[in-house]
Every structure is written in C-alpha cells, then in structure tokens.
Amino acid sequence: MASLPLSSLSSLTGKRLLLGVSAGIAAYKSALLVRLFKQAGCEVRVVMTEGAQAFITPLTLQALSGEPVRTSLLDPEAEAGMGHIELARWADAVVIAPATADLIARLVHGMADDLLTTLCLASEAPKLIAPAMNQAMWRHPATQRNVAQLASDSWQLIGPAAGDQACGDVGPGRMSEPEEIFNALAQHFSPPVKASGEISSRAPHIVITAGPTREALDPVRYLSNHSSGKMGYALAAEAAAQGARVTLISGPVNLPTPQGVARIDVETALQMHQEALRLAPQAALFIGCAAVADYRAESAAVHKIKKTDDNDTLTLTLIKNPDIIAEVAALPNSQRPFVVGFAAETQDVPRYANDKLQRKGLDMIVANDVSQQGLGFGSDDNAALLLWRATSGTEQLAAPPQTKKALATLIIRQALTLLPPQPSGALS
Ligand code: C5P
C-alpha cells in the first residue's frame, strides 16, 4: 500500500467520513479506501446500495471500518442506533466510490429511494464522487449531462480514469485509484500550507489545466492531439511541493496524480471550460497548460459512423470551442486570477507568443518551439521563452532545454514572483 503523505494524515485525523459504495466491480477497491482513511485517523461509516453487496460483502467493510455497515433505509434496528438524519449530520464529508451511472442519475434528480441517496439529500457536508462504469455508459450524453449537473450542484468529481476495463473495453470510466480518491479528500481538508521560504509564504490556490481534450465524433472515435500532460503535471507537482493548494483539471492522460494535488478529470473542452470557470474565480493563479481542441463536432453521432461503398468523402461540421484561458483572463478584476498561458509554435516564437499574450489578455506566456526534435509534446524535456507584462512593456526570459520538472520550477517561481500581493481571503 502506498505510504501516506504526512500532511494528509494531519488534515484527515478525526474526520468523520461517510463512504457510499454502489454496484460496480470497482467496489472491491473500496476496501482499500477504507483502510487508507482509517490509517489517516478518520472515523469511517460505510453505506452500501443493495447492488454493491453483490460485489463485496458488508462484513468485509465492517471489519475494516470497525463500524456496522448500513444497507437499508427501512432498518428498525439500525435506525434505533443512529437514525439516517443523524448519520447525515454526523458526516464531515460524503465520499461515494464507486458511483454507478444509475446512482449518479438518481442523485442528479434528488431521489431518496434508498439509504445512500437519502443521506446525500439530507447531508450538508462536502460531497465527493468517483464514477465507475463502462466507457460507452460514461460517454453517453445522459451520463455527461448528469455529471455536469452534479458538478454544478457542488459535488467534487474524482476521475474517472481511462484504461482497460473489467468488461474488456478500453476507455474512460475506470474508477480512480483509492490513493487518488484519498488525496482528493485530504486536499479538500488541507488548509493552504505555509512552508518556509520566500515563495511558499505566499501559498496561493493554483488552478492548472493539463493534457489534451477529446472531442467525440461517434461512440468510438474522437478528435484529439498528442499532448501527454507531462508539463502540466510537472507544474502541479512543483506548485504543491512549494506549499500551494493545487487543483489540476486534467484531460485524458496516462500519468499518476502528483502528491498533494486535487485532480479533476475531464474529457472534452466544454467540460474543461466548465471546471476552469467554476474554479478560477477562487484562485490566485491560473495556468492553462492544456492542449485544448479548438473545434468539436457540431454533434457526436449516437451510433458508429459507417463507411459506405458510394461515399468516398465524409464531411464533418466542426464548431469552435470556447477559449478557456481567454475567458478566465476576461473575468472581472475581483474574480480574476493571475493568468499564465502556453503557446506551442513552430516558427518566429517571440512574435507569435507576444501576439497571443496580448490577444488573450494573459499576464504571462510560456512559449516553446515544438518543431525542435526531442522537446515539447510527449518528451521529458522542454525549452521555453517566458514573456510577461511589465510596466516598461514586455519582459522575457529564455529557458534553455532542460527537464520539464526543472522548467516547471522556473515557471512557478517566475509566476509567483509576478503575482500581485494576495489579500488573505484569496489564499483559501
Ligand atoms: O490559441 P492556442 O491554442 O495556441 O493557445 C494556447 C493557450 O491557450 C494555452 O494556454 C491553452 O491552454 C489555452 N487554450 C484554452 N482554450 C482553448 C484553446 C487554448 O484555454 N480553447
């Protein structure tokens, strides 16, 4: 089992967690999650849906949590002990892992047709949810509408991750690993850490976008790009190491979540846009490192697009995605973070980067020449030109080829140096 970061241990000690488990094959991972929470000093009470009990027994979770597992709303014996409203009030946080498509749909509609949904409706505690389902079910517009609704109802989504699925499919829908779910909760309860040193003492909340986006054409195809997410993840790791509170909005990538970073997985530009605009107004610094698809299909086909003998061409109508970073930069002053963008150019880097800095209304831009062999997309190394606004015009710093980790240190330092002094409230 992964060792726990000390900061997580202290932020979770004594917290009362209600863990909801629904009917997915990933339910077996809830056992590990209970252990992680217990190790961190939490009190854990588990509530299982009826279907969840087909995947893992209440006895297993009872043994690990040290508390009776609740499975039914209409259970006179359990209600005589701690009634469901009392249980809802008891919780400092509700975590659901795994959450099936069905449970998510019921939560969206405020249903209270079993114990878990009733508790979610009755509890005013923060709620985190880790979806887990087949990739086609996850991609279905109904599920996508539902998770967007949950996010706007203040649920914090964790994952899902992409990869091999128990059903044999490959794609998004795997439940995030227990360590990631644990980290998201620990992050939720962590006050911004003020470590020693010039940079850390400013400890802002930093929101970072990373990775590519995927724009569905039909249930099996999408438009995307080669972004690996490595640069954005390196920035998130560095910012967290500096003591900042970091939220990483990530497109589909194959990278572990850096320690101490809260990660929100998204797939499409519209989802990234929604999360970015939800979080940016509370952030002191926003770094747009994602390679967002500029266009998406006007409508994704419900069924796989077939090739036919009489059609040698296929016309797709694409529509422009919102420019996320430009919208963040255009927020009113009271809500606007310091905004750092990225530019991948193949020629005349300073001119194009400066143009992008002005056009998108950014405060700083990190530009790299992606035509250079061994640097940029997918690689571990990068070189960059940092440009930022100064009273005297635009200033710049050329960073020679180096690891993305080293470059991330440089970028975070430069951005924090330029950050206007934070009112104390902005550090939350
Ligand atoms: O316009 P271009 O894609 O070159 O701009 C790159 C910068 O803009 C990056 O910081 C990227 O994260 C951001 N961007 C965005 N939303 C888009 C396109 C780009 O936030 N739709």
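Order of listing sets the numbers, starting from 1, for every ligand and every atom in it. For the single chain, residues carry numbers from 1 onward in sequence order.
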Between Arg278 and Gln282 the two heavy atoms that sit nearest each other are O-NE2, 3.2 Å
Would you say the side-chain atoms of Gln396 and Thr394 include a donor-acceptor pair closer than 3.5 Å? no
Per-pair distances, 0.1 Å, donor-acceptor, side chain in residues 286-303, under 3.5 Å, sequence neighbours excluded:
unit_1	atom_1	unit_2	atom_2	d
Arg296	NH1	Lys320	O	3.4
Arg296	NH1	Asn321	OD1	2.7

Report every pair formed by an N or O atom of ligand 1 and a protein N or O atom separated by less than 3.5 Å, giving atom names and the distance to 0.1 Å.
unit_1	atom_1	unit_2	atom_2	d
ligand 1	1 (O)	Lys360	NZ	2.9
ligand 1	4 (O)	Lys356	NZ	2.4
ligand 1	5 (O)	Lys360	NZ	2.9
ligand 1	8 (O)	Lys360	NZ	3.0
ligand 1	10 (O)	Gly288	O	2.5
ligand 1	10 (O)	Phe342	N	2.8
ligand 1	10 (O)	Phe342	O	3.4
ligand 1	12 (O)	Gly288	O	3.2
ligand 1	12 (O)	Ala290	O	2.7
ligand 1	16 (N)	Ile324	N	3.0
ligand 1	20 (O)	Ile325	N	2.9
ligand 1	21 (N)	Pro322	O	2.8

Any Arg139 side-chain heavy atom under 4.5 Å of Gln144 side chain: no
Arg89/Glu124 salt bridge by N-O under 4.0 Å criterion: no
Examine the side chains of Thr308 and Asp310 and answer whether a donor and an acceptor come within less than 3.5 Å of each other. yes
